[in-house]
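Reading through the structure tokens given below for one structure.
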Amino acid sequence: MTSAAEHPALAAIRGRLVVSCQAYPGEPMRDPDTMCRVARAVAAGGAAGIRAQGLEDLRRIRAALDLPLIGLWKDGDGDVFITPTLDHALAVAATGADIVAVDGTRRPRPDGRTLAETVKAVHDRTGRLVMADVSTYEEGIAAAEAGADVVGTTLSGYTAYSRPGPGPDLELVAGLARDLPVPVIAEGRVHTAEQAAAAVEAGAYAVVVGTAITHPTTITRWFADRVTRPGA
């Protein structure tokens with residue numbers, strides 16, 4: 001297997017922007033064709049890579065674009081729902097995604113496998129890279145030791161024991177980028193171009209932005225909340 005450092009999908013996003021093209025359940029944009037169109041739109045705007053979820057979304061985006069594709073499958077109602085099992089990971093790999101994103105936290109996975117077992121199986125059976133989404137420094141270290149090719153700060157502030165904040169966890173980005181032998185991708189609450197640049201300055205290999213680019217409901221709410229006067 002090609003080492004992560006030499007993999008063309010990673011080389012293509014180094015120091016650049018990856019856009020997460022996802023919609024929440026029940027929203028009008030929660031449709032594979034719509035998400036594919038969003039992916040094409042952000043590619044036209046200069047995105048170096050795409051992160052997306054759901055098998056049909058991934059298949060359509062893969063067919064439409066040659067950009068590096070980080071794939072995941074959100075499923076289940078437990079704590080671990082980002083590509084929660086090995087079967088989910090193998091299905092994501094089968095869509096043509098270059099990198100399979102999985103939950104890399106310390107929480108137990110629904111199929112009982114360890115992160116290391118999951119990563120090894122994905123490597124052995126598909127040859128795909130694995131991105132571990134973590135929420136703390138300790139989880140990032142453990143994920144790299146488990147064989148993850150990339151570590152993302154995606155879940156910082158989204159586990160019961162991690163520190164939430166209004167913006168990206170730049171301290172976590174800096175600590176992992178300093179101490180890990182694998183690329184660290186900044187993701188989570190990157191709402192401005194300045195925050196994205198700050199993540200790169202903190203050592204991020206690449207930056208993933210989702211809501212601030214691809215989620216009009218939230219973006220509209222930001223503006224509406226600022227415009228609406230109390231008592232209006």
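Atoms considered below: every heavy atom in the structure, side chains included; atoms not considered: hydrogens, waters and symmetry mates. Residue numbers run from 1 in the order of the sequence given. Note that the structure is a prediction, hence the values are computed from the model and not measured.
- Residues passing the side chain to side chain contact (heavy atoms under 4.5 Å, CB included) test with Ala41, sequence neighbours excluded: none.
- The side chain to side chain contact (heavy atoms under 4.5 Å, CB included) test applied to Ala143 returns Leu115, Ala132, Val134, Ala148, Val151, not counting sequence neighbours.
- Pairs passing the ring-ring contact (aromatic ring centres under 6.0 Å, His included) check and including a residue from residues 79-101, sequence neighbours excluded, read Trp73-His88.
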Audit row: Val182, Asp149, side chain to side chain contact (heavy atoms under 4.5 Å, CB included) steps and yes/no: CA-CA 6 Å; Val182 300; Asp149 305 286; 5.9 Å; no
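- Summarising the geometry, atom CG belonging to Leu86 is positioned 4.5 Å from atom CZ belonging to Arg113; distances are rounded to the nearest 0.5 Å.
- Contacts classified as ring-ring contact (aromatic ring centres under 6.0 Å, His included) and involving residues 159-193 (residues at least two apart or in different chains) are given here: His191-Trp222.
- For Asp33, the side-chain hydrogen bond (donor to acceptor under 3.5 Å, both in side chains) partners are Arg37, not counting sequence neighbours.
- Every residue two or more places apart in sequence or in another chain was checked for a side-chain hydrogen bond (donor to acceptor under 3.5 Å, both in side chains) with Arg40, and none qualifies.
- Under the 4.0 Å criterion applied to side-chain N and carboxylate O atoms, Glu171 and Arg163 are assigned as salt-bridge partners.
- Judged as a salt bridge (Lys or Arg N to Asp or Glu O under 4.0 Å), and not counting sequence neighbours, the contacts of Arg59 are Glu56.
- Under the ring pair (Phe, Tyr, Trp, His ring centres under 6.0 Å) criterion, Tyr24 pairs with His215, not counting sequence neighbours.
- Thr85 and Asp87 share no donor-acceptor pair across their side chains, judged by distance under 3.5 Å alone.
- The closest donor-acceptor contact from the side chain of Glu139 to the backbone of Arg106 lies under 3.5 Å.
- With Arg178 contributing its side chain and Gly203 its backbone, the two residues share no donor-acceptor pair below 3.5 Å.
- Considering only residues two or more places apart in sequence or on other chains, Ala23 meets the side chain to side chain contact (heavy atoms under 4.5 Å, CB included) condition with Glu27, Met29, Arg30, Met35.
- Checked against salt bridge (Lys or Arg N to Asp or Glu O under 4.0 Å), Lys74 has no partners two or more places apart in sequence or in another chain.
- Applying the ring-ring contact (aromatic ring centres under 6.0 Å, His included) test to every pair with at least one member in residues 42-63, sequence neighbours left out, gives no pairs at all.
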Go through the steps to decide whether Ile99 and His7 satisfy the test side chain to side chain contact (heavy atoms under 4.5 Å, CB included), and finish with yes or no. CA-CA 10 Å; Ile99 302 170; His7 197 285; 5.9 Å; no
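- Put simply, the side chain of Arg189 gets close to the backbone of Gly165: a donor and an acceptor are under 3.5 Å apart.
- Judged as a side chain to side chain contact (heavy atoms under 4.5 Å, CB included), and not counting sequence neighbours, the contacts of Val208 are Val18, Ser20, Arg51, Ile185, Glu187.
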